[in-house]
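Note sheet for the following structure.
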Amino acid sequence: MVTLECTNLGKAFGRRWLFRRLSFILPHGTSLIILGPNGSGKTTMLRLLCGLLIPTEGHVIWKFGETKLTPIRARFWLGAVLPDCEPYEELTAEENLQMVAELKGIHSKKVGEWFERIGLVTARGQLVREFSSGMKLRLKVAMALIHEPFALLLDEPTAMLDEAGRKLVGELIEEQKQRGVVVIATNDERDVAYGDQQIILGERN
Amino acid sequence: MATSKSSWVKGIESKEQIALISRTSWLRQVLAIAKKDFKSEWRTRHALVTTLAFAIISLTVVSLSVGSLRSEPALASGLFWVILFFATIVALGRTFTKEVDAHTDNLLRLNAEPFAIFLGKMIFNLALLFLLAALTLPLFVALMGVSVKQTANFIFATTLTLIAMAALGTILSAMLAKVQSRVALLAVAAFPLFFPALAAALQVSASAFGAEIGSISNSMKALLAYAVASVLIGLLLFDEIW
């Protein structure tokens with residue numbers, strides 16, 4: 001069982017606060033949608049949750065049963081699709097996914113299964129630099145999920161996807177909720193349906 | 001740190017979680033990162049081409065201006081290491097810069113332990129420096145007219161120096177990855193750190209090229225200690241830097 005707890009969370013860059021005094025609990029089996037205008041701190045919030053940034057004030061705690069972990073310690077059990085977490089363009093899609101599988105200790109047969117799942121079987125041997133933005137996003141989702149993490153963090157998960165891609169992401173989010181929690185940062189009103197809770201940033205500072 | 005179980009595992013006790021972690025050996029992570037770097041370099045050849053071009057051009061210019069250094073083994077040793085030092089800076093400068101520029105640094109942060117990233121990158125850098133030295137030395141010998149007399153000592157000293165430079169260069173490259181003018185800064189920051197290894201390597205090389213400078217055993221011992229210390233420092237500090 002995994003639970004995300006944020007207490008009085010705040011992040012400032014210089015003197016500018018993106019958000020302050022943000023507290024919430026995300027229980028196992030639920031999802032959170034983070035909404036807000038550009039520059040309100042949606043992606044920053046995701047980076048705080050996976051330890052790529054340190055909060056200016058407050059705490060992020062991942063609870064795995066009775067065990068409490070900081071985001072940096074919890075990274076192994078997180079999967080993240082972030083704009084600055086790109087696959088290697090000079091490698092093929094298969095080499096990228098295989099590398100993540102090796103880093104996470106996942107059997108290589110899972111790599112093939114995931115290419116079928118994301119609909120990129122015929123493109124698996126293609127260099128990522130030849131991919132469209134939608135194909136790259138599908139690959140990033142597979143790279144975030146191949147180790148079946150307890151928590152999935154998604155930044156604009158459907159922004160570049162067609163209808164089939166949106167349907168796939170919807171299915172993956174529902175599956176992930178069985179395993180743990182999902183946090184989605186988005187500007188797309190259609191993504192709101194994926195969430196059980198909402199936070200709107202940029203409203204109070 | 002370098003244990004069979006990842007340090008991420010601290011505090012996580014359920015059977016399925018342990019099962020997942022136990023499959024993720026640190027060695028597997030190190031090899032995955034090194035393999036990725038070798039593949040990337042094989043496809044792009046950025047580091048190899050720029051480094052070798054620098055070494056060959058500087059070697060040619062030096063040989064045209066000073067000619068044969070058969071009777072000047074100390075000077076030959078100095079020029080050999082000046083060329084290798086700057087070629088190393090060119091090679092190591094891109095270690096983490098390319099990750100930051102391609103927005104792949106966070107992919108590594110989220111999926112691999114810091115010490116595995118350090119060791120994987122260091123292995124690639126070391127291979128690159130070995131290749132550089134292996135291609136530069138025969139050219140240097142041919143163009144400068146010097147001969148290597150104590151081959152075993154020379155190879156051992158060069159290997160240790162390259163290990164120290166690869167380890168320290170990997171750390172510095174990570175520290176400077178997000179800084180502007182990083183290559184210039186890397187040269188300035190690297191020199192004092194490389195200096196103890198370079199000073200010892202200069203003596204051994206000069207002796208190998210024929211200079212009479214007495215015993216080199218102290219230099220060899222110092223090089224061995226410095227190379228080991230450099231790798232250990234990298235393993236200990238990289239978590240804080242990355």
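In what follows, chains are A, B, ... by sequence order, proteins preceding strands, each numbered from 1. The structure displayed is predicted, hence computed values, not measured ones.
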How about [X]: does its [atom1] atom have over 12 heavy atoms from other parts shown lying under 6.0 Å from it?
X: A:F13; atom1: CZ; value: yes
X: B:F86; atom1: CZ; value: no
X: A:K177; atom1: NZ; value: yes

Atom [atom1] in [X], atom [atom2] in [Y]: separation rounded to 0.5 Å?
X: B:L110; Y: A:R47; atom1: CG; atom2: CZ; value: 10.5 Å
X: A:E86; Y: B:E99; atom1: CD; atom2: CD; value: 12.5 Å
X: B:L108; Y: A:Y88; atom1: CG; atom2: OH; value: 3.5 Å
X: B:H103; Y: A:E89; atom1: NE2; atom2: CD; value: 9.5 Å
X: A:M99; Y: B:I33; atom1: CE; atom2: CD1; value: 7.5 Å
X: A:H147; Y: B:N111; atom1: NE2; atom2: CG; value: 6.5 Å

### Task
Side chain from CB out, backbone as N, CA, C, O: work out which of these in B:K98 comes under 4.5 Å of a heavy atom of chain A, or both, or neither.
neither
### Query
Of the backbone (N, CA, C, O) and the side chain (C-beta and beyond), which part of B:S40 lies under 4.5 Å from a heavy atom of chain A, both, or neither?
both
### Query
Where do B:T104 and A:P87 come nearest, in terms of heavy atoms and distance?
CG2-O, 3.8 Å
### Nearest non-hydrogen partners of B:R28 and A:I106, listed with the distance
NH2-O, 3.5 Å
### Message
Between A:L78 and chain B, with a heavy-atom cut-off of 4.5 Å, which part of the residue counts as in contact: side chain, backbone, both or neither?
### Response
neither
### Message
Need one label for A:L91: side chain, backbone, both or neither, based on atoms under 4.5 Å from any heavy atom in chain B.
### Response
both
### Task
Given side chain to side chain contact (heavy atoms under 4.5 Å, CB included), test A:E95 with B:R43 step by step and report yes or no.
CA-CA 13 Å; A:E95 287 165 345; B:R43 302 252 162 86; 2.8 Å; yes
### Query
Just by distance, do the side chain of A:R75 and the backbone of B:R109 share a donor-acceptor pair under 3.5 Å?
yes
